[in-house]
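Structure record follows, encoded as structure tokens.
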Protein chains: 2
Amino acid sequence: MDERKVGSLRLTLDFSQPLYEQILAQMRSLIARGAIDVGEKIPSVREMAHELKINPNTVMHAYQELERDGLTEKRRGQGTFVTESVTQIRHFKERLAFDYSDQFLDKMHSLGFRWTEIQSFLTTTREKKGER
Amino acid sequence: MDERKVGSLRLTLDFSQPLYEQILAQMRSLIARGAIDVGEKIPSVREMAHELKINPNTVMHAYQELERDGLTEKRRGQGTFVTESVTQIRHFKERLAFDYSDQFLDKMHSLGFRWTEIQSFLTTTREKKGER
DNA sequence: CAAGTGTATTATACCATATGATACACTTGG
DNA sequence: CCAAGTGTATCATATGGTATAATACACTTG
């Protein structure tokens, strides 16, 4: 687990998953949570690659996915910026949240659990996390 | 999406994920749900491979994970059997359910959602699935 | 116009996944 | 006993995703 600062951001990479997926997931979260402001510039491909000590192509891979998500806009010669559209970000968050919910329910159902049991697991898990 | 019958089981394989992971997930579900009885014999490595038209080594990979899960026991010369221990199966289900719950909550939190919002997404998703 | 952007291309390397072929150890039914 | 069916192991090979490295191009700004 390696934590590095890139500009004002904190990114953590390990080797358990593809690097570009980790960058993608963490940037998505930062934008969704508002940790990076609307319209704000994010680190350039080269800067991010240098700070994380990885290849620029790997960062590019993540950044292209971010744009496909509608979370960023690129301006040639200037850099990559978080979209100005709050609506866009809200839609992305909702879409992802529903995807996660759907996948979660599918997995629980495949194990044979029903709604009340699923609720029970969730509240128990929440209490455990709260204790930490 | 290719659906095939292997003995009394129905397995569905595609090329979106590793084959052995798909077999593993579906066998886990079948055992957890009780679709395969406690102590029952499951298809041999060779039979499963033949019916699914894949390599025996790939099936082996999935079967070895099943045993690591504590869901199956192997008997040389006889075959692979679902464990006799109902406790073992129950523990496996609970462990996996808590894992899923934990991961789900983490993802939702990373998007910036709180408990009441998470509950809301879940109930909405559940209603959508019910309509189908 | 130099420096900093995103982008594209090519080559190389590594690892997980999957296949194919073959062989061994064990158990059971005929 | 032995043939057939089990799980298991070991090769070799192929493919695709991921990551690196080096280089070049197009664009924007100070």
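The analysis underlying the following values was restricted to heavy atoms, covering all of them including side chains, and did not include hydrogens, waters or symmetry mates. Lettering follows sequence order; numbering is per chain, from 1. Just so we're clear, the structure is a prediction, and the values are computed from it rather than from any experiment.
- Between the CD atom of B:Gln64 and the C1' atom of C:dA16 there is a distance of 15 Å, rounded to whole Å.
- Distances were taken from every side-chain heavy atom of B:Arg76 (C-beta onward) to each of D:dT18, C:dT17, C:dA25; the shortest belongs to C:dA25.
- Rounded to a whole Å, the CG atom of B:Leu19 is 12 Å from the C1' atom of C:dA16.
- For the pair B:Leu52 and B:Leu13, the minimum side-chain heavy-atom distance is below 4.5 Å.
- Out of D:dA9, D:dG7, D:dC27, the shortest distance to the side chain of B:Ser44 is found at D:dG7.
- In this model, the phosphate group of D:dA19 is not approached by any side-chain N or O of A:Tyr20 to a distance below 4.0 Å at OP1 or OP2.
- The CZ-C1' distance, from A:Arg75 to D:dT29, rounds to 13 Å in whole Å.
- Note on B:Gln78: a side-chain N or O is less than 4.0 Å away from OP1 or OP2 of C:dT28.
- By the 6.0 Å and 45° rule, B:Lys74 does not stack over the aromatic ring of B:Phe81.
- Per the geometry, CZ belonging to B:Phe15 stands 12 Å off C1' belonging to C:dT17, to the nearest Å.
- End-to-end axis angle of the helix from C:dC1-D:dG30 to C:dG30-D:dC1, using five pairs per end and rounding to 10°, comes to 10°.
- Annotation: salt bridge (Lys or Arg N to Asp or Glu O under 4.0 Å) contacts of B:Arg76 (sequence neighbours excluded): none.
- In the set D:dA21, D:dT18, C:dT17, D:dA21 carries the atom at the smallest distance from any side-chain atom of A:Asn57.
- Rounded to a whole Å, the CG atom of A:Leu52 is 18 Å from the P atom of D:dT18.
- Between the CG atom of A:Leu66 and the C1' atom of C:dT7 there is a distance of 16 Å, given to the nearest Å.
- Judged by distance alone, with hydrogens and angles left aside, the side-chain atoms of A:Gln22 form a donor-acceptor pair with the main-chain N or O of A:Gln17 at under 3.5 Å.
- Each of B:Gly77 and B:Pro56 lies near DNA chain C, and the nucleotide nearest B:Pro56 is the one positioned closer to the 5' end.
- Remark: B:Thr80 is in phosphate contact with D:dG7, judged by side-chain N or O atoms under 4.0 Å from OP1 or OP2.
- When each of D:dT8, C:dT17, D:dA19 is scored by its nearest atom to the side-chain atoms of B:Met60, the top-ranked nucleotide is D:dT8.
- Aromatic pair A:Tyr100/B:Phe104: ring centres not closer than 6.0 Å.
- Residue B:Thr58 places no side-chain N or O under 4.0 Å from the OP1 or OP2 atom of C:dT17.
- Judged as a side-chain contact (heavy atoms from CB on, under 4.5 Å), and not counting sequence neighbours, the contacts of A:Ala35 are A:Leu30, A:Arg33.
- Per the geometry, CZ belonging to A:Arg68 stands 17 Å off C1' belonging to C:dT7, to the nearest Å.
- Salt-bridge check for A:Lys129 with B:Asp106: passed, with a basic side-chain N closer than 4.0 Å to an acidic carboxylate O.
- For B:Val45, the listed nucleotide lying nearest its side chain is D:dG7; candidates were D:dG7, D:dT18, D:dA9.
- In this structure, the NE2 atom of A:His61 is 15 Å from the C1' atom of D:dT20, given to the nearest Å.
- Residue side chain B:Arg46 reaches the base of D:dG7 through a donor-acceptor N/O pair under 3.5 Å, judged by distance alone.
- An OP1 or OP2 oxygen of C:dT7 is reached within less than 4.0 angstrom by a side-chain nitrogen or oxygen of A:Lys74.
- The aromatic rings of A:Phe121 and B:Phe98 sit perpendicular to each other, their planes meeting at more than 60°, with 30° as the lower class boundary.
- Judged by distance alone, with hydrogens and angles left aside, A:Asn55 brings a side-chain donor or acceptor within reach of the base of D:dA21, the pair sitting under 3.5 Å.
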